[in-house]
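One structure below.
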Amino acid sequence: MSEANASRAKDERFRDEALPHLPAVTNFALSLTRDESKAEDLVQETYLRAYQAWAQYQPGTECRGWLFTICRHLWIRARKREEREVACEDGDLEALGAAALHTGALQSGLGDLFERYDVRRSLDAALDDLPTAFREVVVLVDVEDQSYEDAARILDVPKGTVRSRLFRARRLLQERLIEHARDAGLATRSSGGDDSTAGAET
Amino acid sequence: MLDCDAVMRQLWDYLDGELTSEREEAIRAHVAVCKRCYPQYDFERTFLQALEAARRSHSRPDVLKARVLGALRAAGFAA
């Protein structure tokens with residue numbers, strides 16, 4: 001194959017495999033930067049780096065995850081690794097914390113919170129307030145549908161760290177949503193006055 | 001047989017599809033009949049659906065695409 005043909009084939013593969021992920025990379029960049037203009041710069045830089053490094057991409061592997069990795073590395077470098085290190089909690093304890101939170105929500109008459117309350121705006125605000133290390137894992141797993149293993153590879157942390165950060169992030173988000181719902185006067189009972197869950201185990 | 005405590009610890013793993021098929025089936029069977037765990041399961045499932053819907057999108061995706069393609073072409077991209 002001539003050099004010109006090889007170059008064209010490379011560009012066509014990039015067009016077919018990398019460019020279709022532009023919307024997902026944009027969403028991810030928006031989630032990281034929380035700013036459309038900064039996200040645009042980050043997306044452009046991500047695609048330029050990906051194009052320059054295209055020879056390193058392994059055909060058939062997960063191109064979207066590869067692009068997320070580049071995007072995140074560029075963003076971290078731009079922020080000089082700010083917030084990268086966070087305390088890591090135990091995933092099981094976070095899950096149990098969420099169960100306690102749910103019990104509290106039930107006691108406040110907020111057990112069906114997500115069905116009768118438009119949480120979109122509160123959720124956006126709560127996501128904005130999450131420390132970056134928690135926000136990025138929520139975005140990868142809950143919004144971009146990456147597995148724990150794929151997220152671990154993108155974030156360059158162990159799978160257990162993804163799990164614990166994810167569960168912590170979800171618990172923090174739920175706390176904020178319940179707080180917002182209470183502030184909005186949606187709680188129908190004061191907490192502590194309901195025993196609907198007591199003694200109901202199998 | 002799983003108890004409620006074990007189910008609570010693994011509920012998110014279950015909803016995320018991260019468990020073995022054997023453990024997944026055990027949790028599914030427990031949640032289906034447990035009056036304590038089912039409301040929690042339902043709450044978490046609805047929460048995750050709301051979270052998934054929180055996807056942010058760019059207000060001008062075509063403009064951004066044109067900008068990215070322009071930058072790529074300046075770097076030699078020709079497809």
Side-chain angles (χ1 to χ4, degrees), chain A residues 7-8 10-16 19 22-23 26-27 30-31 34 36 39-40 43-45 47-48 51-52 91-92 94-96 98-99 102-103 105-106 111-115 119-120 123-124 127 138-139 141-145 147-148 163 166-167 170 173-174 177 196-197 199-202, chain B residues 1-19 29-79:
Chain A
S7 174
R8 193 167 65 198
K10 172 195 140 191
D11 286 2
E12 283 172 356
R13 271 205 320 117
F14 187 82
R15 180 195 64 202
D16 295 343
L19 284 177
L22 184 61
T26 304
N27 291 339
L30 275 169
S31 300
R34 318 304 287 175
E36 197 159 289
E40 287 176 3
V43 169
Q44 178 177 319
E45 191 60 22
Y47 269 89
L48 276 176
Y51 180 64
Q52 286 155 0
D92 279 13
E94 298 297 343
L96 290 175
H102 174 245
T103 303
L106 280 177
D112 58 350
L113 169 67
F114 305 122
E115 284 153 38
V119 295
R120 177 65 195 264
L123 200 46
D124 267 352
L127 276 165
V138 165
V139 169
V141 177
D142 289 335
V143 183
E144 297 300 338
D145 205 26
S147 68
Y148 294 0
R163 182 176 183 266
L166 179 66
F167 290 7
R170 288 174 178 172
L173 289 173
Q174 289 181 349
L177 293 177
S196 61
T197 57
E201 291 97 318
T202 49
Chain B
M1 183 68 180
L2 287 174
D3 61 16
C4 293
D5 191 60
V7 171
M8 296 286 178
R9 284 175 193 271
Q10 296 175 85
L11 196 51
W12 273 333
D13 302 275
Y14 169 71
L15 286 164
D16 291 336
E18 293 281 342
L19 297 175
H30 177 102
V31 165
V33 297
C34 178
K35 289 177 184 168
R36 180 184 173 200
C37 293
Y38 184 81
Q40 167 93 27
Y41 157 79
D42 198 40
F43 182 83
E44 302 301 350
R45 188 176 51 88
T46 320
F47 165 69
L48 292 183
Q49 283 168 354
L51 205 45
E52 195 177 351
R55 179 191 297 269
R56 287 208 165 191
S57 47
H58 196 274
S59 61
R60 297 165 301 151
D62 292 343
V63 173
L64 177 58
K65 186 174 181 182
R67 177 180 160 181
V68 169
L69 282 173
L72 286 171
R73 285 187 181 124
F77 177 71

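Remember, it's a predicted structure, so these values are computed and weren't measured experimentally. Below, chain A is the first sequence line, B the second, and so on; all start at residue 1.
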Plane angle bin for A:Tyr51 and B:Phe77 - parallel if under 30°, tilted between 30 and 60°, otherwise perpendicular: perpendicular
Residue among B:Glu18, B:Gln10, B:Met8 with most heavy-atom pairs under 4.5 Å to chain A: B:Glu18
Closest-packed option against chain A by number of heavy-atom pairs under 4.5 Å, given B:Leu11, B:Leu64, B:Asp5: B:Leu64
Residue part contacting chain B, namely of A:Arg8, when any heavy atom lies under 4.5 Å: neither
CA sep, side-chain torsions, deciding dist, call: B:Phe47, A:Leu173, side-chain contact (heavy atoms from CB on, under 4.5 Å): CA-CA 10 Å; B:Phe47 165 69; A:Leu173 289 173; 4.0 Å; yes
Region of A:Val138 in contact with chain B, defined by heavy-atom distances below 4.5 Å: side chain
Toward chain B, the part of A:Leu22 with a non-hydrogen atom under 4.5 Å: side chain
Chain A contact via B:Ala78 - side chain, backbone, both or neither, heavy atoms under 4.5 Å: both
Electrostatic pair A:Arg170:B:Glu44 at N-O distance under 4.0 angstrom: no
Winner by heavy-atom pair count (cut-off under 4.5 Å) against chain A, out of B:Val63, B:Asp42, B:Asp13: B:Asp13
Most contacts with chain B, counted as non-hydrogen pairs under 4.5 angstrom, among A:Arg13, A:Arg15, A:Gln174: A:Gln174
Axial cation check for A:Tyr47 ring with B:Lys65, 6.0 Å and 45° limits: no
B:Leu72 and A:Asp11: CA distance, side-chain angles, deciding distance, side-chain contact (heavy atoms from CB on, under 4.5 Å) verdict: CA-CA 10 Å; B:Leu72 286 171; A:Asp11 286 2; over 6 Å; no
Straight-line distance of A:Glu40 CD to A:Thr26 OG1, nearest 0.5 Å: 9.0 Å
